[in-house]
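Below you'll find the structure, written out as structure tokens, and then a few comments.
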Amino acid sequence: MKFENTLQFAKDCDAKDPIRKYRAQFYFPKVNNKEVIYFTGNSLGLQPKNAVDAVEEVMKDWRDLAVEGHFYAEKPWWDYHQRFAKPLAKVVGAKESEVTVMNTLTVNLHLLLVTFYKPTAKRFKIICEEKAFPSDQYMLQSQARFHGFDSKEAIVEVKKRPGEHHWRTEDIEATIAEHADSLALVLIGGVNYYNGQVFDMERITAAGKKAGAMVGWDLAHAAGNVALQLHDWQVDFAAWCSYKYMNSGPGNVSGAFVHQKHLGQKDIRRFEGWWGHDKERRFLMESEFIPMPNVEAWHLSNPSILSMAPYLASLQIFEEVGMHALLAKRDQLTAYLEFVLKSIDAEVPQSSFEIITPVDRACQLSVFLHGQGRDLFDYLMKAGVIVDWREPNVIRLAPVPLYCSFEDMYRFGQILKTGIQTLS
Ligand SMILES: *Cc1c(COP(=O)(O)O)cnc(C)c1O
């Protein structure tokens, strides 16, 4: 499609957008009494309007039924989490038995590594991307130390090439091949939080499996944002938070995936609790642990119903829209944002920014500001454009297809241009 940087063109795109009606199902914060242009759905998704009812339903059941709510609530609490398997399986490309919700993301990664990081004196290395999300770095370092290894020796970071802003798949494959004999685990963020790069998860998983390692993915920036086929790709395990592209609310529960080939095994190493016990016998309070036949065997506690409620509400929207329509709009909207950015760059006197996100991208564009930097960021925020700032000089823009519009992109461009001109 040939884009134009005009209000009329943007409005026409919105009029033709088959999923435009979903924007009205979200609350937007206001600045100067006007709804903001929201680019930080990669950090915290907006609140879906149906989330309030979902939480109130739980509050009402608790008020009216108290403990009886476990079995007689509108959506009984004892198996509430099982309502997630079907819609989530579609979002991440898995079988229903392979996905669940529990805990939070870093907690789940630690728990999954109990099973999937079993280092030996010979095979103990972990391959990850350089400058991974900090929590993932701390998680991996502490895992290596916990097993008695020097984390500097155990963790091998794949670097970007000098002067490049992205990782090359062939470099990751080469690193895996180089360390094949000593490699225990490959664990990378499926979409990088900083530059927005989408890793070739299928190829990297295949390379890791060929080397005899376990392969897991942190899908914090991928779930609900990119097409995933975790089952078919033979991924061993994965986890993701739900409050970014999946709009479940601040700090909310995490999703977890364990491949079918690891399910139903008797002597698998795993930390266990009563919610992982066979649900038919759970309340018999027996001393011997009988695991659930699915990924729920990794559950520990009875889950927080109040935090799952808004996630379930949000997932209803994903069910309705479908990943296909969502990703089609994502590509159009992101391409239009890129076009608007480049148009503005050409209109201002000197080049003022550079997009560092590679072509393998999803929703996010990371923009390196050459000139005004932090002042421009402050200007945008005051003008009602919510973006985020990452050191040294990067703003990240995520035009989330569920609730951002083409008109938002056009208006953002005009604000950006005025900002650059005002601050020059
Ligand atoms: C957002 C994010 C996290 C956050 O982890 P929590 O345990 O939910 O606080 C972890 N890893 C990555 C890659 C993220 O993007």
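Heads up: numbering here begins at 1 and tracks the sequence. Each ligand, and each atom within it, is numbered from 1 in the order the structure gives.
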- Going by the salt bridge (charged side-chain N to carboxylate O under 4.0 Å, His left out) test, which pairs reach into residues 295-323, not counting sequence neighbours? Lys90-Glu319
- Main-chain N/O of Ile290 paired to Arg281 side chain as donor or acceptor, under 3.5 Å: no
- Query: Closest non-hydrogen protein atom to atom 3 (C) of ligand 1, residue and atom name please, with distance?
  - Reply: Phe133 CE2, 3.3 Å
- Task: Check each atom of ligand 1 against the heavy atoms of Ala220 and keep those under 4.0 Å away; list them by number with element.
- Result: 2 (C), 12 (C), 13 (C), 14 (C), 15 (O)
- Is there at least one pair of N or O atoms, one from Ser135 and one from ligand 1, spaced under 3.5 Å apart? no
- Task: Keeping the roles fixed (side chain from Asp200, backbone from Arg203), state whether a donor-acceptor pair exists under 3.5 Å.
- Result: yes
- Query: Do Asp136 and ligand 1 have an N or O pair less than 3.5 Å apart?
  - Reply: yes
- Output the list of atoms in ligand 1 that are nearer than 4.0 Å to some heavy atom of His221, sorted by atom number. 15 (O)
- Item | Sidechain-backbone polar pair: Asp408 side chain, Ser405 backbone, donor-acceptor under 3.5 Å | yes
- Message: Please list the nearest protein heavy atom to atom 8 (O) of ligand 1 with its residue and the distance rounded to 0.1 Å.
- Response: Tyr243 OH, 2.6 Å
- Item | Salt-bridge present (Lys75, Asp61; N to O < 4.0 Å) | no
- For ligand 1, the portion of Thr104 having any non-hydrogen atom under 4.0 Å away: neither
- Note on the structure: Numbered in order shown, the ligand 1 atoms found under 4.0 Å of a heavy atom of Leu105 are 3 (C), 5 (O), 6 (P), 7 (O), 8 (O), 10 (C), 11 (N)
- Query: So which protein heavy atom does atom 1 (C) of ligand 1 come closest to, and at what separation?
  - Reply: Lys244 NZ, 1.4 Å
- Message: Looking only at protein heavy atoms, which one is nearest to atom 7 (O) of ligand 1, and what is the separation?
- Response: Thr106 OG1, 2.6 Å
- Task: Please identify each residue that fulfils salt bridge (Lys or Arg N to Asp or Glu O under 4.0 Å) with Arg282, with sequence neighbours left out.
- Result: none
- Query: Is any side-chain heavy atom of Tyr193 closer than 4.5 Å to a side-chain heavy atom of Asn42?
  - Reply: no
